[in-house]
Amino acid sequence: MTAPDHPIILCHDCGAQHALPPAVPGHRAECRRCGAVLRHFRSGGLGHAVALAIASVILFVTANLFPVLTFELEGRAQTATLLSGSVALWDGGYEVLGVLVFFVLFLAPLAQVLGTLYVVMPLAAGRRAAPGAAWTFRTVARLRRWAMAEVFLLGLIVAYVKLSDLAELEPGASLAALVAFILVQVWGQASLSPFEVWERIAPQTRAAQAAAAGPARLTACHDCHQVVAGTEGDCPRCGAGLHHRKPDSLRRGWALIAAAVILYIPANLLPIMTVVYFGAGQPDTILSGVEELIAAEMWPVALLVFFASITVPVLKLIGLAYLLWSVQRRSPKRRRDRTRLYRLIEGVGRWSMVDIFMISLLAALVQLGAIATIHAELGAVAFAAVVVITMLASESFDPRLIWDEPQRRDSSHD
Ligand SMILES: [Zn+2]
Ligand SMILES: [Zn+2]
């Protein structure tokens, strides 16, 4: 039984249609078909989210004001701030890597906190949505996977361990702010319900409206999940292009997987950085970096780097290829498991950036002229490209294809 004023939603992971029950604080609505969370109505309300977003802005600024790490060797000291790594990569001739690190470590997180604040603050005060709120909130959601402060923290830990037997290392004043920023960000995301924000910007389609739209095929916006009759044009709520399924999902998926597989070879064969210590230089590949950590008996970090840099990219590529292949075969098997696999691939991909952050920090810290220098090498560019391309590949895959029933082909089927 569906009351006519219940909001209608199509599950973003499997496309199943749901009429959401009335919102009760703390209530979580899950898709009965694939288990995706459709709406989590938070008890804290939007005021809570505003407070956390303001705290995030303050912590982010603080995290950028002071050094995060200081490196001392032979009486010489070098400090690194959050952005030093990006600058060091740029100065070392790897502008692309410098820009990538700047984007994922500075621009994306900053846009996220400021964008959230801009959208949520008027809503929390009971006012109308700010101009451009829909576009801003859509962009904030799209940037989420590219904001990688927590991955950077892991890269910093690896850099710390790698340098700790070479020299004296001191955590800087901004490190605490960075850790606090990451925690407040997680808390902030957990306390904000995107469904409620979108509902306040413009209400979700109700059951009666959807029914009145008649037998026309309903389409859900990829970005704000508004349900619209028909499949053409732009979303009336957020302005994103409407598609019944993500366009060209399979073809783009295969092309990106092929590109990533090809780049995976130089990423592993070429050195990712060179360490010059008292005039003697030695290039490091991803694997030799892991071997060094093992030789130094730093097992947990060795395992972490091996997992993030070698296992995750390979498993992601195999997993995505399997998903594309099973969709092309229109396999009806294990749909729920395959949807879970997709969510796992989506969530884990960004963690492969650990090595890139580690290299950026080493390149920033170890610039002591004749004593010791570390700089990035071409393999790091190939590796970063693999990480970015696999992230784009999982983004372009549409998990609803797993659930789509085959078009009726009975006539051509004996
Ligand atoms: Zn579902
Ligand atoms: Zn939309």
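Counting convention: from 1, in listed order, for ligands and their atoms alike.
Using bins of under 30°, 30° to 60° and over 60° for the plane-to-plane angle, the ring pair H48/W187 lands in the perpendicular bin. The aromatic rings of F102 and F106 sit parallel to each other, their planes meeting at less than 30°, with 60° as the upper class boundary. Using a 30° and 60° split on the angle between ring planes, F60 and F181 fall in the tilted class, from 30° to 60°.
Side-chain polar atoms of T373 and Q367 form no donor-acceptor pair below 3.5 angstrom. For the residue pair W254 / Q328, a side-chain donor-acceptor distance below 3.5 Å is found, with atom types taken as modelled. Counting only N and O atoms by type, the side chains of D355 and S309 include a donor and acceptor under 3.5 Å apart. Checked by atom type, the side-chain pair R39/S193 shows no donor-acceptor distance below 3.5 Å.
Around the Zn ion (ligand 2), the protein contributes the following N, O or S atoms under 2.8 Å, ordered by chain and number: C221 SG, C224 SG, C235 SG, C238 SG. Around the Zn ion (ligand 1), protein N, O or S atoms at less than 2.8 Å comprise C11 SG, C14 SG, C31 SG, C34 SG.
In this structure, the separation between CZ on R237 and CH2 on W198 is 6.5 Å, given to the nearest 0.5 Å.
A salt bridge links R350 with E150: the closest approach of a Lys/Arg side-chain nitrogen to an acidic carboxylate oxygen falls below 4.0 angstrom.
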